[in-house]
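The shown structure was predicted, so the numbers you read here are calculated from the model rather than taken from an experiment. Each ligand, and each atom within it, is numbered from 1 in the order the structure gives.
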Amino acid sequence: MKKRYELLDRIDSPDDLKQLGPDDLIRLSAELREFIIDIVSSNPGHFGASLGVVELTIALHYVFNTPEDRIIWDVGHQAYVHKILTGRKKNFHTNRKYKGISGFPRPSESPYDAFGVGHASTSISAALGIALASQHLNKPDRQVVAVIGDGALTGGLAFEGLNNAGSENSNLLVILNDNEIAIDPNAGAIKEYLIDITTSKTYNRFRKDIWNILGALSKLGPNAQKYAQQIEHGVKSMLLKQSNLFETLNFRYFGPIDGHDILHLTEILRDLKEIQGPKLLHVKTIKGKGFAQAELNQTAFHSPGIFDKETGKIFSASAGEKKPPRFQDVFGETLLELARRNDRIIGITPAMPTGSSMKIMMDEMPERTYDVGIAEQHAVTFSAGLAIEGMIPFCNIYSSFMQRSYDQAVHDVALQNLPVVFCLDRGGLVGDDGPTHHGVFDLAFMRSIPNMIVSAPMNEEELRNLMYTAQLKNHGPFSIRYPRGRGMMADWKKPFREIPVGKGRLIRKGTDIAILSIGTAGNLAAEAINRLEDSGISIAHYDMRFVKPLDEDLLHKVFKRFRQVITVEDGSLAGGFGSAVLEFMADHAYQCQVKRLGVPDRFIEHGTQAELYRECGFDAEGIVNAITSLVKPKVLSKAI
Ligand SMILES: Cc1ncc(C[n+]2csc(CCOP(=O)(O)OP(=O)(O)O)c2C)c(N)n1
């Protein structure tokens, strides 16, 4: 039976919310937490971050006039309360499901989603653009709010936005949601700075005095309020300009305040609406607030999967049966093994120690691993610096976040032919995170960079051996991309074997048609071939391993022997592996029918990986169809 919520059941929009009295807001916060716990425990998604901003989100929609006023969420993984309050409560159970609502804000989904997000540190730049556009459009009263976490603030883009905003007189409010954690404990000096500013007694006494004067004067009317603001600004800028980072950047800094005190929050947001110019409100929150296990184990409850809402026990996907490992764990364990043998190896992760499993090495060798914050650009140039002095950096970046570091890969690494090993995790369609996180462009964008080796293992053992090969000698830049999720091999920890760079391998002999695959999409091809076992079609299968350098000897043989070729990749068809094969064919004037399977030239939404492979036509069935459309089955079996 559907659970009843006394207040939440009445709310489908911020207008409904505004009908509540301030005292109801506390009860509504509790109901929202219960609603989220109820749904996210059985339909997995991001969890702790939304619980931490329940009060903040309610306060924002209570005080501001959304959607006319704009709220821009950074990353957007914390926007579940926002979604529920802005008309998506009834659909919330479809969150991240195929054809359901997105796990991130999307303007195409709702007018309340002011800006599309998924990657970190964009909110301030976007909000500044929106604020200045509002001035150009003669909407001076519009309020624009960016909500950014302390983790996302470690990204350089956030500082580029602050720097620019500080010199523009826009009506911009940045809310710093400081919960002292990213996915893993936040990294870098900013973290210390935020703790200092929160705990500094002198600073806080001063701030309180100013706030009290401001409060007292504001009761005397608008002129007194303006006067108070001027005093406050004058005194503050005199005393704080030197000591407060945000004030130095021309922001007026307010806080830190308790982000779970909803009444105080609404009061302060009301006051801030009246203050012109760029301002920053520092809010302290607890990630996972209201769910004990999530507060205790914030990293695991960032995105926990299915869990027991009573006990907080996370049901790990591998519970019970022995499953093949996740690719990230093969990476993590192999890196540690290699680092034990080769003391030049250094591990670098931009804020994803747990997600990438670099934590395995970090725990044993903290001095040889660096979590550099959510700073992919820096991670790559930092790796280049390590490499130029003779270290062998293994720089692990999720494929879609690597898009940020393209120039660094070109200019800082490849141009100097430095031996940075790029381990690109979450390559291909990642599933329920959707288009912001699909890692589908890397094969195409990496292969256009001179000197770059571009590889993608078909299984765990190959991943291990590619990592081993990459550190054996100086190959220049070497990228290894692998997908989200589990592989096929329970028994993957075999002795290391060097893989000849630029050499593919024959998986299966055949005479009628050749399939050339790259990466784990090769397993879908192998499954398709198995399904066609009794069809009478003789199918050759090659795992190319490298998009660059391409195995030209192998391709010459294939194009001499076969008139029909299918390429399969979990990546963009535009410019990807299949394109490379076509270029080879044209360059050598082979005439052959080539069918390319992969991700078409459009953004693919969220869903399970299997659903998305099917949509793109390179699941096993899609590959079977492609084969049978090119070669007529000689014996039709019921397997087809
Ligand atoms: C460019 C980029 N790199 C990495 C990530 C992965 N990521 C998602 S949320 C997150 C942590 C964000 O921390 P914070 O901003 O403090 O928000 P919180 O989850 O603590 O509320 C990271 C690293 C991302 N979304 N975008």
Side-chain angles (χ1 to χ4, degrees), residues 45-57 72-82 102-105 116-126 146-160 174-188 190-191 194-195 259-260 282-289 294-295 297-304 328 348-356 358-359 371-380 395-406 408 424-426 430 433-439 484:
H46 291 101
F47 184 62
S50 281
L51 289 192
V53 295
V54 170
E55 288 84 1
L56 177 61
T57 314
I72 297 101
W73 298 95
D74 207 290
V75 185
H77 64 307
Q78 77 290 58
Y80 290 1
V81 186
H82 161 83
S102 162
F104 295 95
V117 280
H119 288 199
S121 319
T122 63
S123 63
I124 300 173
S125 303
V147 184
I148 183 165
D150 54 301
L153 189 70
T154 61
L157 178 57
F159 280 87
E160 293 170 33
V174 174
I175 297 184
L176 171 57
N177 171 36
D178 178 7
N179 54 20
E180 294 176 29
I181 189 160
I183 297 177
D184 292 88
N186 207 359
I190 294 278
K191 173 187 75 177
L194 294 178
I195 292 174
H260 300 301
H282 185 175
V283 172
K284 297 287 300 180
T285 60
I286 298 168
K287 196 162 176 173
K289 172 82 175 171
E295 288 187 35
N297 194 350
Q298 295 177 322
T299 300
F301 277 89
H302 176 82
S303 180
Q328 70 195 59
I348 297 104
T349 169
M352 305 303 276
T354 300
S356 69
M358 189 170 287
K359 191 156 189 328
D371 176 353
V372 299
I374 309 181
E376 289 80 8
Q377 294 179 303
H378 161 67
V380 172
C395 183
N396 186 303
I397 302 187
Y398 284 19
S399 165
S400 82
F401 306 146
M402 181 68 203
Q403 291 159 199
R404 292 245 160 132
S405 323
Y406 195 58
Q408 286 71 22
L424 303 185
D425 194 344
R426 280 29 171 209
V430 294
D433 272 334
T436 53
H437 285 58
H438 293 321
R484 174 182 177 212

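Asp425 and Ser356 make their closest contact through OD2-CA, 4.0 Å (heavy atoms, listed as atom of the first residue, atom of the second, distance). Annotation for His82 and Thr57: closest pair N-CG2, 3.4 Å, computed over non-hydrogen atoms. Minimum heavy-atom separation, Ala375 to Thr154: CB-O, 4.3 Å. What you find for Arg404 and Gln377 is that their closest heavy atoms are O-CG, 3.3 Å. Here the closest non-hydrogen pair linking Ile148 and Ala152 is CG1-CB, 3.6 Å.
Looking at ligand 1, you won't find any N or O of Phe401 less than 3.5 Å from one of its N or O atoms. In terms of polar-atom proximity, defined here as any N/O pair under 3.5 Å, Arg404 makes no such contact with ligand 1. For ligand 1, one of its N or O atoms has an N or O atom of Ile181 under 3.5 Å away. For a threshold of 3.5 Å applied to N or O pairs, the pair formed by His119 and ligand 1 contains no separation below that value. On a distance-only criterion, Gly151 and ligand 1 share at least one N/O pair closer than 3.5 Å. Among the atoms of His437, none of the N or O lies under 3.5 angstrom from an N or O of ligand 1. Residue-to-ligand polar distances keep Ala351 apart from ligand 1: every N/O pair is separated by 3.5 Å or more.
By the 4.0 Å heavy-atom criterion, Gln298 is excluded from the residues contacting ligand 1. At least one heavy atom of Gly118 lies less than 4.0 angstrom from ligand 1. Judged by the shortest distance from any of its heavy atoms, Gln78 lies outside the 4.0 Å radius around the atoms of ligand 1.
Counting only heavy atoms of the protein, atom 23 (C) of ligand 1 lies nearest to Ile374 CD1, 3.5 Å. Looking only at protein heavy atoms, the nearest one to atom 21 (O) of ligand 1 is Asn179 ND2, 3.3 Å. In this structure, atom 3 (N) of ligand 1 lies nearest to the protein heavy atom Glu376 OE2, 2.6 Å.
When each atom of ligand 1 is checked for a heavy atom of Ala182 under 4.0 Å away, the hits are 11 (C), 13 (O), 16 (O), 20 (O). Residue Ala49 has at least one heavy-atom neighbour below 4.0 Å for each of these atoms of ligand 1: 19 (O), 21 (O). The contact set between ligand 1 and Met352, taken as ligand atoms under 4.0 Å from a residue heavy atom, comprises 6 (C), 23 (C). Of all atoms in ligand 1, listed by their number and element, those nearer than 4.0 Å to a heavy atom of Ala120 are 1 (C), 2 (C), 24 (C), 25 (N), 26 (N). Atoms of ligand 1 found under 4.0 Å from any heavy atom of Gly149, numbered from 1 in the order shown, are 14 (P), 15 (O), 16 (O). The distance from ligand 1 to the heavy atoms of His302 drops below 4.0 Å at these ligand atoms: 9 (S), 19 (O).
Defined by atom type and a distance below 3.5 Å, a donor-acceptor pair is present between the side-chain atoms of Thr354 and Asp184.
When the heavy-atom distances from atom 10 (C) of ligand 1 to Thr349, Thr122, Ile183 are ranked, the shortest goes to Ile183. Across Ser50, Ser400, Ala152, heavy-atom proximity to atom 15 (O) of ligand 1 is greatest for Ala152.
Not less than 6.0 angstrom separates the ring centroid of Tyr398 from the ring centroid of His119.
Between the side chain of Asn186 and the backbone N or O of Asp150 there is at least one donor-acceptor pair closer than 3.5 Å. No donor-acceptor distance shorter than 3.5 angstrom exists from the side chain of Ser405 to the backbone of Val380, with no hydrogens or angles considered.
Under the 4.0 Å criterion applied to side-chain N and carboxylate O atoms, Glu180 and Lys287 are not assigned as salt-bridge partners.
The aromatic rings of His77 and His302 sit tilted relative to each other, their planes meeting at an angle between 30° and 60°. Between Phe47 and Phe301, the ring planes lie tilted relative to each other; the angle falls in the 30° to 60° range.
Contact check for Asp433 versus Phe104: side-chain heavy atoms found under the 4.5 Å cut-off.
Contact annotation for Asp150 and ligand 1: heavy atoms of both the backbone and the side chain come within less than 4.0 Å of the ligand.
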